[in-house]
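Below is one structure; the comments refer to it alone.
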Amino acid sequence: NASLEEKLDKWVQQRPSYMSYAARGTYRLQKASQERGFSYFKDTPHENIARMEKTAAAAQTDLEDALKRSRKFVPTYMGLLGVAQLVASPDEATAIERRATHEVPTTYYIRQAYLRNLTPRWGGSYEQMEEYEASLNSAAHLNARIWSLKGESWAERGYTARLDNDAAAAVEYYTKALQYGDRMEFLKARATLYMALHDYAAAGRDFAPYRIYDAEDADVNRYALCTETFKLNEPCTVDLSTTPAR
């Protein structure tokens, strides 16, 4: 959206602050991602990579300028992790995570974003994810929600199994991920998989706590209604073939 970029430029010029720089940096990060496209790296045209790298470098500059003004603004570090995901290596992401957790020891979202950088599809490995997860015990004493991140490597396996059309294996992986707490995205993913496997009672058991946490999720509400209609041997018009979010 070129008009939005012009407004962000004007905001930075007129009121340079951690917020305006972070906003423009985040915009440029999303623009870089779109310029790259969504094909595998080997299938991405060189000109796309060149545009992405140029825009990502501008995003990184903005985000670093934001950090000069506020070292504790969590979205800025998450943006830098996004840049590292596009153009750098897990080592660069590790350096960003260390900077961020030094400034904001209680952060959950930075650690979650860092684990995404460590996934096999972004150049990491399950072993790297598990090693990091094993290191989170002390951080979980600062913020109990961090404990649930120890299920990320299992959820990533579940997501991959889902893409491979192995719903049964995906359910097992998400079940292991949920041993570390009721992460809503994991509950939704497993419940949707149960629907695909025609285990409507199990799907209903997952949808029930999810709907307590978020009663406004339209997709989940439709799925939950389907579990009831299926029990009555009545048809449901909801498309159950879509891949759940991680």
Side-chain angles (χ1 to χ4, degrees), residues 72-82 84-85 90 93-94 96-163 166-195 199 202-217 219-221 223-224 243-246:
K72 298 184 184 297
F73 190 47
V74 166
T76 308
Y77 292 107
M78 294 178 68
L80 287 173
L81 285 169
Q85 197 173 64
T94 298
I96 296 166
E97 187 273 348
R98 288 176 179 170
R99 287 172 61 193
T101 54
H102 174 76
E103 295 293 342
V104 192
T106 58
T107 179
Y108 165 88
Y109 287 107
I110 291 169
R111 290 182 172 95
Q112 182 189 34
Y114 174 61
L115 275 163
R116 299 292 169 86
N117 283 62
L118 297 181
T119 60
R121 51 194 162 122
W122 286 105
S125 68
Y126 292 127
E127 291 74 22
Q128 288 175 299
M129 295 182 75
E130 290 167 354
E131 182 180 359
Y132 182 69
E133 289 165 357
S135 74
L136 294 176
N137 290 351
S138 59
H141 287 290
L142 302 175
N143 177 355
R145 192 180 183 193
I146 291 170
W147 181 259
S148 72
L149 293 175
K150 294 165 80 70
E152 283 283 335
S153 58
W154 291 115
E156 181 66 17
R157 288 179 173 93
Y159 178 75
T160 301
R162 179 70 174 87
L163 293 181
D166 190 346
V171 164
E172 291 184 10
Y173 289 134
Y174 279 114
T175 298
K176 290 181 177 179
L178 283 162
Q179 290 176 353
Y180 297 97
D182 278 357
R183 283 278 294 280
M184 290 176 63
E185 63 268 39
F186 301 168
L187 278 171
K188 184 175 181 178
R190 188 174 68 173
T192 308
L193 287 159
Y194 277 135
M195 294 286 282
D199 190 344
R205 287 194 296 272
D206 277 353
F207 285 136
Y210 186 101
R211 296 175 83 189
I212 292 173
Y213 300 136
D214 181 4
E216 304 300 323
D217 188 314
D219 287 336
V220 167
N221 288 334
Y223 292 151
T243 300
R246 253 278 277 111

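Note that these values count all heavy atoms, side chains included, but never hydrogens, waters or copies made by symmetry. For this chain, numbers begin at 1 and follow the sequence in order.
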Does some side-chain heavy atom of [Y] sit less than 4.5 Å from a side-chain heavy atom of [X]?
X: Glu152; Y: Arg116; result: yes
X: Tyr77; Y: Glu103; result: yes
X: Leu115; Y: Leu149; result: yes

Within this structure, what is the [atom1]-[atom2] distance for the pair [X] and [Y], rounded to the nearest 0.5 Å?
X: Lys176; Y: Tyr173; atom1: NZ; atom2: OH; value: 7.0 Å
X: Ile96; Y: Thr76; atom1: CD1; atom2: OG1; value: 11.5 Å
X: Asp219; Y: Thr192; atom1: CG; atom2: OG1; value: 8.5 Å
X: Glu131; Y: Ser125; atom1: CD; atom2: OG; value: 8.5 Å
X: Arg190; Y: Arg205; atom1: CZ; atom2: CZ; value: 8.5 Å
X: Asn117; Y: Gln112; atom1: CG; atom2: CD; value: 11.5 Å

For the student: nearest non-hydrogen atoms of [X] and [Y], plus distance:
X: Ala177; Y: Ala155; result: CB-N, 3.8 Å
X: Ala170; Y: Gly158; result: CB-O, 3.4 Å
X: Pro209; Y: Asp182; result: CB-OD2, 4.4 Å
X: Met184; Y: Tyr213; result: SD-CB, 3.6 Å
X: Met129; Y: Pro120; result: SD-CD, 4.3 Å
X: Tyr109; Y: Arg145; result: OH-NH1, 3.1 Å

Quiz item: Do the charged groups of Glu130 and Arg157 touch, with an N to O distance under 4.0 Å?
Solution: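 A salt bridge is present here (some side-chain N lies under 4.0 Å from a carboxylate O).
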
Practice problem: Mark yes or no for whether Asp199, through its side chain, and Tyr194, through its backbone, hold a donor-acceptor pair below 3.5 Å. | Solution: no

Quiz item: Does any N or O in the side chain of Asn221 come within less than 3.5 Å of the main-chain N or O of Ala215, such that one atom is a donor and the other an acceptor?
Solution: yes

Taking only residues two or more places apart in sequence, or in another chain, which ones meet [X] in a side chain to side chain contact (heavy atoms under 4.5 Å, CB included)?
X: Ala113; result: Met78, Leu81
X: Thr101; result: Glu97, Thr107, Arg111
X: Pro105; result: Leu142

Quiz item: With under 30° as parallel and over 60° as perpendicular, where do the rings of Phe186 and Tyr174 fit, or are they tilted in between?
Solution: tilted

Practice problem: Take atom CZ of Phe207 as the centre, draw a 6.0 Å sphere, and report whether it contains more than 12 heavy atoms from other residues, nucleotides or ligands. | Solution: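 Atom CZ in Phe207 is packed in, count exceeds 12.
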
Practice problem: Look at atom OH of Tyr126 and say whether more than 12 heavy atoms of other residues, nucleotides or ligands are closer to it than 6.0 Å. | Solution: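 Count over threshold, so yes.
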
Quiz prompt | Matching residue for Tyr114 among Trp122, Tyr108, Tyr132 - test: ring pair (Phe, Tyr, Trp, His ring centres under 6.0 Å) | solution =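 Of Trp122, Tyr108, Tyr132, ring pair (Phe, Tyr, Trp, His ring centres under 6.0 Å) with Tyr114 is met by Tyr132 alone.
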
Self-check item: Residue pair Asp217 / Tyr210, side-chain donor-acceptor N/O under 3.5 Å
Solution: yes

